[in-house]
Amino acid sequence: MIDPRLLRDDPDATAAALARRGVDRAAIEHLRELDARRRQMIAQLDEARAEQAEASKAIGRAGAEERPALIEAAQQYKERVAALEEERDRVVADHEAAFARIPNLPHPDAPDGQEGEGTVVRTFGTPPELDDPKDHVELLEAADALDLARAAKVSGARFAYLKGEGALLEFALVRYAVDVAMRHGHVPVIPPVLVREEAMYGTGFLPTDEQQLFRTRDDELYLVGTSEVPLAGLHMEELLDPDQLPLRYVGYSPCFRREAGAHGKDTRGILRVHQFEKVELFSFVHPDESSDEHERILAIEEEVFGALEIHAQVVDIPVGDLGASAARKFDIEAWLPGQQAYREVTSCSNTTDYQSRRLRTRMRVEQGPNLLVHTLNGTALAVQRAIIALVEQHQRSDGTVAVPSALQPYLGREVLFA
RNA sequence: GGAGGGUUGGCCGAGCGGACGAAGGCAGCGGUCUUGAAAACCGCCGGGCGCCUCGCGCGUCCCGUGGGUUCGAAUCCCACACCCUCCGCCA
């Protein structure tokens, strides 16, 4: 949710910023009208309530003989307040619904453009030289580290079994990534992965991404698509002391995505599956510090992949491809020899106060009004995609995979699939 | 799954239809005292929204959440959530 006051105080600049994300002027005007009506209704209702309270208090002070007449006279206030409350509720609901669908204001430095038009900021690592690269499915299945056929029988398309060294690879990568994050001050967390609607709404996945979410039938809970959701919710409805900030976490959890609308896309292997595991970075920071924190999180991501000796590029995502809650986003795209393409392996977003406004996570300010904190999230390591990049880039002609030295202590071996 | 108890401000804890945003205590902040500190004493000490003559003002809402009764609800009624105890089940 954006700040309604911004629209009130500086409508032109706000409209211009939102126009970059495709929100048109008519929608802006509609929001302004709803905001004005809402405030008018609140003022009217407050006034009516003040009158009613005054009348009621007079009854309390009055003697027994005067009361019946006063009570009768007070009846009218009750009806008027009730009518105004009803109208206020309607206006507030309209206001909420309209604002909930407005995406976050883009960061001034975020580039214009649509999906696929991002700016490559830099590349790192050395591109592998491979004569006849196999893709991850060939490599992993040959080593019995991946079983897609049986997963399809048990769970359907876009599910997988990681077995043997495939399963060990996950344990090693996760622990490795968590260690890197912890070195940078992030506290490890295993969060709940079933959450209430409120948490989904608060993080901006509802109402805009509903078709991406798995929902439980009997309990009105959602399976999270990322641990960003429960991590963001960790401090909902809290007023934090400034000296508690920044709060930095690293979560490990499975992630569930319906991938509706992605039919026929990335159907091979484990690049795009309904269930995967991810190590996620999350920070709550003072609003002045979110841009710096964003760079910090991106640096951790680069460290994770850099030390795995994976060649990749950092992309500044254009405003047309941002999620609803993000003001700016950087992806790391690793080179996948099996596809001869750079594909997204991490993503980090600065969601400024968009999530904290809905989740009501604030910080105390000595002088002046308390502030909403800024929240940021980033992928330390998405297990399945990291496995793909790792085995495809470090494969050797005999189908074995060289383990980068940073991972060897975690895996307990120098070569996989031997 | 069954039975019972609970949810009040940063914390503890009173209040059980009218003067209650809520006693009292603790913590915190400011002051008096003191060479300094402690103690003692005095004062301050929640949040949201709205208004504006933008004043360290005014109004309104918030005692788990949402409804209801009433001129008036922290207090009465209903539903839900969460926590605790016991039984059952269970990694």
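Computed over heavy atoms, backbone and side chain alike; hydrogens, waters and symmetry mates excluded. Within every chain, numbering begins at 1; the chains are lettered A, B, ... in the order of the sequence lines, protein sequences first and strands thereafter. Quick caveat: nothing in here was measured; it's all calculated off a predicted structure.
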Please tell me if [X] has a side-chain N or O lying less than 4.0 Å from either OP1 or OP2 of [N].
X	N	value
A/R196	B/rC82	yes
A/R88	B/rC61	no
A/R39	B/rC49	no
A/R360	B/rG47	no
A/K57	B/rG72	no
A/R49	B/rG59	no
A/Q52	B/rC71	no

Plane angle bin for A/F159 and A/H274 - parallel if under 30°, tilted between 30 and 60°, otherwise perpendicular: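 Tilted.
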Parallel, tilted or perpendicular: rings of A/H294 and A/F330 (30°, 60°):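 The arrangement is tilted - the two ring planes meet at 30° to 60°.
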Checking [Y] against [X]: is there a side-chain donor and acceptor pair closer than 3.5 Å?
X	Y	result
A/E228	A/Q355	yes
A/T379	A/K278	no
A/E280	A/S227	no
A/D331	A/S347	yes
A/E303	A/H184	yes

Euclidean distance, atom CG of residue A/D243 to atom P of B/rC29 [Å, nearest integer]: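 In whole Å, B/rC29 P lies 12 Å from A/D243 CG.
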Whole-Å distance separating the CD atom of A/E85 from the C1' atom of B/rG66: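 The distance from CD of A/E85 to C1' of B/rG66 comes to 14 Å, rounded to the nearest Å.
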What does [X] touch in the nucleic acid at a heavy-atom separation under 4.0 angstrom: a base, only the sugar-phosphate, or nothing?
X	answer
A/A50	sugar-phosphate
A/I42	sugar-phosphate
A/R80	nothing

Using atom [atom1] of each nucleotide, how far apart are [N] and [M] to the nearest Å?
N	M	atom1	result
B/rG1	B/rU69	C1'	35 Å
B/rC45	B/rU60	C1'	22 Å
B/rU8	B/rU75	C1'	11 Å
B/rA37	B/rU32	C1'	15 Å
B/rG72	B/rG4	P	34 Å
B/rC76	B/rG17	P	8 Å
B/rG68	B/rA74	P	15 Å

Identified pairing partner of [N], criterion: Watson-Crick or G-U wobble below 3.5 Å:
N	result
B/rC82	B/rG6
B/rC33	none
B/rC90	none
B/rG50	B/rC58
B/rG28	B/rC44
B/rG17	none

Pairwise 5' ranking along RNA chain B for A/R364 and A/Q75, keeping only the more 5' one: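 Counting from the 5' end, the first nearest nucleotide belongs to A/R364.
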Residue closer to the 5' end of RNA chain B, A/A43 versus A/E51 (nearest nucleotide):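 This one resolves to A/A43.
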Nucleotide of B/rG50, B/rG48, B/rG18 approaching A/R362 most closely (side-chain heavy atoms):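 The closest nucleotide is B/rG48.
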